[in-house]
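Structure first, then comments.
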Amino acid sequence: ARHWYHHNSPTNLPDLSGQLQKVRGLQAQGKFVDANLIYREMINKSAYKGRVGSPLSIGDLVLSHDSNKYSNYKRLLDLERSETLTKWTSAGVDYSRKAFISRVGETQDVLFVKVESNKKGALNFGVHLGLHNPEKAKGSNPKAFKPQVSVDFAGHVQYHAHNPSTTSALKGFGAVARVISHDGSLVQNLDHVRIANASYALIAVKTFHSADSQEAIDRLTRDLYSLKGDYNDFLKAHLISHQGLFNSASLSLNASEKERSFTNEALIADARELKLRKSLVERMWAMGRYLSVVGSRKGGLPIHLTGLWSGDYSPMWAIHLMNINIPYHYYSG
């Protein structure tokens, strides 16, 4: 939430407080257009030049599987658990991938991913870290970030990059990934590790930003190396924290269970035909609440217009627009 690109904090904000009574006087006379122009014209005449920044993705965890032929693909998000589930079939083998980002305790902000197959020895994939979608994301300039990836002697994938727009000397950002456990073999390569002949693997990823890269990588590597447990062990405390917030309010419009079983795509298709189902309204409300719960926390920054996450390096409206938008996010969710 605090990692931004093309962001600065101007020190020459003009003092317009002396115009407040004039603005209020014009508003009282119903001259709203004239009142609205005062501040805008004065800011334009001043030396103030603001620059809108953009949220900067720290990077991508990429799991590269051997086969690109698959069927029965499903991707699910459980709002009550803040957990994703992806399923697919390839060459007659069923695969699944579960993931969540821990909210609390020693594992706060750690991404946990468990990949499984229903056939022993059928799981073969690579674990990579790097810039977020550097060739395709809007506004991307991969060379400016100087990304580097390596693997240490214990099999940690260590990735760091450089934020050229950071005014501080601490420009580094990146992540460390560790395969905590598996029942196959782990092969180390120069820039990734590979799991072979397994039926499951548990991966943990921790990120950093605005830091000295080497110091941060050393610290995160130690943190991940000390983790012990299985996926469900790490999930328990996270569920308690997330559900305490998410389940503190709910909305029911008495939609039928049949409607609630429809996919998002089916509900949206109906809405486009002017058939708005109650279950879609319930789900949209829950999704807004979910994004508020997972996108901001006490002591942090508020969510902005497009939510915390974006697929681009220069997304539209991904800013903290301090008008009705910020309170609207929160009183509607």
Side-chain angles (χ1 to χ4, degrees), residues 57-79 81-101 110-138 140 142 147 149-151 155-159 174-205 207 230-232 234-235 261-270 272 283 287 309-313:
S57 296
I58 288 178
D60 284 347
L61 168 69
V62 178
L63 307 181
S64 56
H65 292 263
D66 286 358
S67 175
N68 59 3
K69 295 181 179 180
Y70 57 89
S71 59
N72 302 323
Y73 181 85
K74 293 183 179 180
R75 187 172 61 178
L76 309 170
L77 169 63
D78 189 325
L79 302 184
R81 295 169 65 88
S82 187
E83 181 184 28
T84 64
L85 172 62
T86 307
K87 295 181 176 182
W88 70 98
T89 301
S90 180
V93 180
D94 294 332
Y95 296 89
S96 68
R97 182 177 65 243
K98 297 187 292 185
F100 72 97
I101 298 177
V110 175
L111 166 65
F112 290 97
V113 182
K114 187 173 184 180
V115 188
E116 296 180 279
S117 69
N118 69 344
K119 181 180 178 182
K120 189 171 180 62
L123 192 58
N124 298 278
F125 66 96
V127 180
H128 308 254
L129 286 175
L131 286 174
H132 165 65
N133 201 7
E135 304 300 333
K136 297 181 180 179
K138 178 183 175 183
S140 173
V149 186
S150 60
V151 178
H156 295 87
V157 183
Q158 301 170 328
Y159 144 70
V176 177
R178 175 194 170 207
V179 180
I180 296 178
S181 61
H182 60 87
D183 62 349
S185 60
L186 186 148
V187 180
Q188 296 179 209
N189 295 277
L190 290 176
D191 60 356
H192 70 282
V193 298
R194 179 174 173 77
I195 297 295
N197 304 319
S199 62
Y200 86 93
L202 175 60
I203 305 158
V205 181
T207 65
D230 62 23
Y231 182 87
N232 289 329
F234 299 122
L235 182 64
S261 69
F262 291 172
T263 64
N264 293 339
E265 291 79 6
L267 291 172
I268 292 171
D270 284 345
R272 287 174 174 159
R283 197 171 300 178
M287 188 63 186
W309 302 275
S310 171
D312 293 328
Y313 286 77

Quiz item: Rounded to the nearest 0.5 Å, how far apart are OG of S150 and CD of Q188?
Solution: 11.0 Å

Self-check item: Side-chain touch V149/Q158, heavy atoms, less than 4.5 angstrom
Solution: no

Exercise. Kindly determine whether I180 and F234 satisfy side-chain contact (heavy atoms from CB on, under 4.5 Å), including the steps that lead there.
Key: CA-CA 12 Å; I180 296 178; F234 299 122; 4.1 Å; yes

Quiz item: For G155 and V193, which heavy atoms make the closest approach, and how far apart are they?
Solution: O-CG1, 3.5 Å

Exercise. Over all heavy atoms of both residues, which pair between L123 and A201 is shortest? Give the atoms and the distance, please.
Key: CD2-N, 4.1 Å

Quiz item: Would you say V187 and I195 make side-chain contact, with heavy atoms under 4.5 Å?
Solution: no

Practice problem: Output yes when D66 and R194 qualify as a salt bridge under the 4.0 Å nitrogen-oxygen rule, no when they do not. | Solution: yes

Self-check item: Closest heavy-atom pair and its distance - A99, Y231
Solution: N-OH, 3.4 Å

Self-check item: Least distance between heavy atoms, N133 atom then Y313 atom
Solution: O-CE1, 4.4 Å

Self-check item: Approximate separation, where rounding is to 0.5 Å, of R283 CZ and N264 CG
Solution: 5.0 Å

Exercise. Specify the closest pair of heavy atoms between H192 and V127, including all atoms of both residues, with the distance to one decimal.
Key: CB-O, 3.1 Å

Quiz item: Do the non-hydrogen side-chain atoms of T86 and K74 ever get within less than 4.5 Å of each other?
Solution: no

Quiz item: Counting only heavy atoms not in Y73, do more than 12 sit closer than 6.0 Å to its OH atom?
Solution: yes

Quiz item: Is the closest side-chain heavy-atom distance between R97 and L85 below 4.5 Å?
Solution: no

Self-check item: Validation row: V115, F125 side chains within 4.5 angstrom (heavy atoms)
Solution: yes

Quiz item: Is a side-chain donor or acceptor of N189 paired with a backbone partner of D191 at a separation under 3.5 angstrom?
Solution: no

Quiz item: Do L111 and L61 come close enough that some side-chain heavy atom pair is under 4.5 Å?
Solution: yes

Exercise. Keeping to residues at least two apart or across chains, list the side chain to side chain donor-acceptor pair (under 3.5 Å) pairs with something in residues 110-127.
Key: D94-N118

Quiz item: For K69, does its backbone N or O pair with a side-chain atom of S90 as donor and acceptor, under 3.5 Å?
Solution: yes

Practice problem: Report the C-alpha separation of S64 and H128 in whole Å, then their side-chain angles, then the decisive distance to 0.1 Å, and conclude whether the side chain to side chain donor-acceptor pair (under 3.5 Å) test is met. | Solution: CA-CA 8 Å; S64 56; H128 308 254; 2.9 Å; yes

Quiz item: For A175 and L129, which heavy atoms make the closest approach, and how far apart are they?
Solution: O-CD1, 3.6 Å

Self-check item: Test item: T89 side-chain N/O and G92 main-chain N/O as donor-acceptor pair under 3.5 Å
Solution: no

Quiz item: Taking the inter-plane angle between the rings of F100 and F112 on a 0 to 90° scale, is it parallel (under 30°), tilted (30 to 60°) or perpendicular (over 60°)?
Solution: parallel

Quiz item: What residue pairs, at least two apart or across chains, pass side chain to side chain donor-acceptor pair (under 3.5 Å) with a residue in residues 174-186?
Solution: D183-S199

Quiz item: With side chains defined as the heavy atoms from C-beta onward, is the minimum distance between K98 and V113 less than 4.5 Å?
Solution: no

Quiz prompt | side-chain contact (heavy atoms from CB on, under 4.5 Å) evaluation trace for T84 with R75 | solution = CA-CA 7 Å; T84 64; R75 187 172 61 178; over 6 Å; no

Practice problem: Side-chain contact test, heavy atoms from C-beta onward, threshold under 4.5 Å: evaluate it for V205 versus V110 and give yes or no. | Solution: no

